[in-house]
Amino acid sequence: MEASENCCVKVALHIRPLIDDERLQGCKECVTVTPGKPQIKIGPHSFTFDHVYGSGGAPSPAIFEDCISPLIHGLFQGYNATVLAYGQTGSGKTYTMGTGSGDGCQTGLIPQVMNALFNKIEILKHQTEFQMQVSYIEILNEEVCDLLDSLSMKMETTNGHAAKVVRHPIQIREKSNGAITLAGLTEVAVNSLQEMATCLDQGSLNRATGSTNMNNQSSRSHAIFTITLEQMRKISSAFPGNDTPDEDMGEEYFCAKLHLVDLAGSERAKRTGSDGLRLKEGIHINKGLLALGNVISALGDEKKRKEGVHVPYRDSKLTRLLQDSLGGNSKTVMIACISPADINAEESLNTLKYANRARNIQNKPIVNRDVISNEMQKMQEQLKLLQAELCARGGAPSDEVLVLKERIAWLEATNENLCRELHGYRSRCAVVQQFETDVQVCHRNFTVYVFHT
Ligand SMILES: Nc1ncnc2c1ncn2[C@@H]1O[C@H](COP(=O)(O)OP(=O)(O)OP(=O)(O)O)[C@@H](O)[C@H]1O
């Protein structure tokens, strides 16, 4: 795997327009965007973000080009990415992400992501083989549910009472290398934009929503739509002294994930008017968001970071699942959503403070190339060096030239063997991950060619 620069979590603010309900209540806008700057004022407080959209800031459609396009570009280079929509209930997260069933789902970010992915694949398909899978989960009342598994989302009728959706939670597992996985998660292989859109629609329909005083279609869960992009790319290279340019050097395998997260909205029971089930959901929502806030605080505070303060990822399912997106191997963008209405000023201020802290989080994204490809790349670099040396010696017979030729022959044979191995294992990330656990065997062989010339 390739190391890369640390990169901070980017935070964009999206201010939705006043909605009918707020106009009917006679609300006024209480936020002001500084013209030409990603800066916002609310009362005496002012905040600067990476971008500000809506309400006098940049136009909302620019979010995709500015914030999401670079993540997609990175995904094709093998970098994991995460987009997190955060904000108070009713602030426009679902609309912005396009995970709902309203107008936003046509223009939201996820449909645009899907379009961009398939457009790019169309351009690259002649030199790269692609496979994509999607999964869609929600965290509801601190349980993880698979939104694409129709069996775990059964409609059940009890004692003749109305049918209700019964959700069967799935378990979080931690592998020996610390990676988090979900036991038995449905991963649907998708080959077209239409197939991917169907998964999004079906999962979104299964997602738990309910009516509160603040939003008549409030998402009651945190939802994570994950796209896994696997690539098998042809490597070609011209050896010095070789007349055939772009000689086929085998293939490289990359596997990167894009998590698109629509968080449930923070809420106050007094304002949502929740009781019973809605209240219980609200308590869990706030608990998960508090845990997320604590992780953001621990990671965003430079002093704490330098002191190596414990990051409480394990305090909630949400933070365990987002561990890599915050402070780990991912390029991450947070989209903080707020309502401009004066009745929501207190909640908007809280969102702004929360999002502002997230800007200090440093991630360490790396290219997710599998171990075999990695070793192959090292080997090919060695081959190039040896070929160049052979060329420089002009091929005159000597002991050194003989040794060089032997080494080159050995490397070429090993490279060919590995190409075959990789072919056999390329179909799924999981299989390659399994293969990585056996990599010590390969390493023993590789040490043979790691020598100093
Ligand atoms: N940019 C926008 N332009 C117009 N209307 C919007 C915009 N964003 C949100 N809305 C409207 O505001 C209302 C609340 O939006 P939405 O359901 O997306 O909020 P939310 O933050 O996801 O809420 P919750 O956390 O309760 O699920 C909806 O009626 C939606 O259509």
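Counting starts at 1 for both ligands and their atoms, in listed order.
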Quiz item: With a cut-off of 4.0 Å, which atoms of ligand 1 are near a heavy atom of Lys93?
Solution: 18 (O), 19 (O), 20 (P), 21 (O), 22 (O), 23 (O), 24 (P), 25 (O)
Quiz prompt | Which of the ligand 1 atoms, numbered from 1, are nearer than 4.0 Å to a heavy atom of Gly265 | solution = 25 (O)
Quiz prompt | Residues that Phe76 engages under ring pair (Phe, Tyr, Trp, His ring centres under 6.0 Å), provided they are two or more places apart | solution = Phe130
Quiz item: Can you name the nearest heavy-atom pair linking Ala85 to Met97, along with the distance?
Solution: CB-CG, 3.6 Å
Exercise. May I ask which of Gly92, Pro17, Gly87 has a heavy atom nearer to atom 16 (P) of ligand 1 than the others do?
Key: Gly92
Exercise. Using non-hydrogen atoms of the residue, decide whether Cys337 is closer than 4.0 angstrom to ligand 1.
Key: no
Quiz item: Has Gly90 got any heavy atom lying under 4.0 angstrom from an atom of ligand 1?
Solution: yes
Quiz item: For ligand 1, is Gln88 a contact, meaning one of its heavy atoms is under 4.0 Å away?
Solution: yes
Quiz item: Taking non-hydrogen atoms only, is Ile19 closer than 4.0 angstrom to ligand 1 via side chain, backbone, both or neither?
Solution: side chain
Practice problem: Give yes or no for whether the N/O distance cutoff of 3.5 Å, strictly under, is met between Asp262 and ligand 1. | Solution: no
Practice problem: May I ask you to decide whether Arg207 forms a salt bridge with Asp262, counting only side-chain N to carboxylate O separations under 4.0 Å? | Solution: yes
Quiz item: Of all heavy-atom pairs between Leu258 and Val113, which one has the smallest distance, and what is that distance?
Solution: CD2-CG1, 3.6 Å
Exercise. Would you please name every residue forming a side-chain contact (heavy atoms from CB on, under 4.5 Å) with Cys199, sequence neighbours left out?
Key: Val134, Leu148, Val188, Val190
Quiz item: Is it true that the side chains of Tyr136 and Asn206 contain a donor and an acceptor less than 3.5 Å apart?
Solution: no
Practice problem: Kindly confirm or rule out an N or O of Thr94 lying under 3.5 angstrom from an N or O of ligand 1. | Solution: yes
Quiz item: So which heavy atom on Ser330 is nearest to which on Thr82, and how close?
Solution: OG-OG1, 3.1 Å
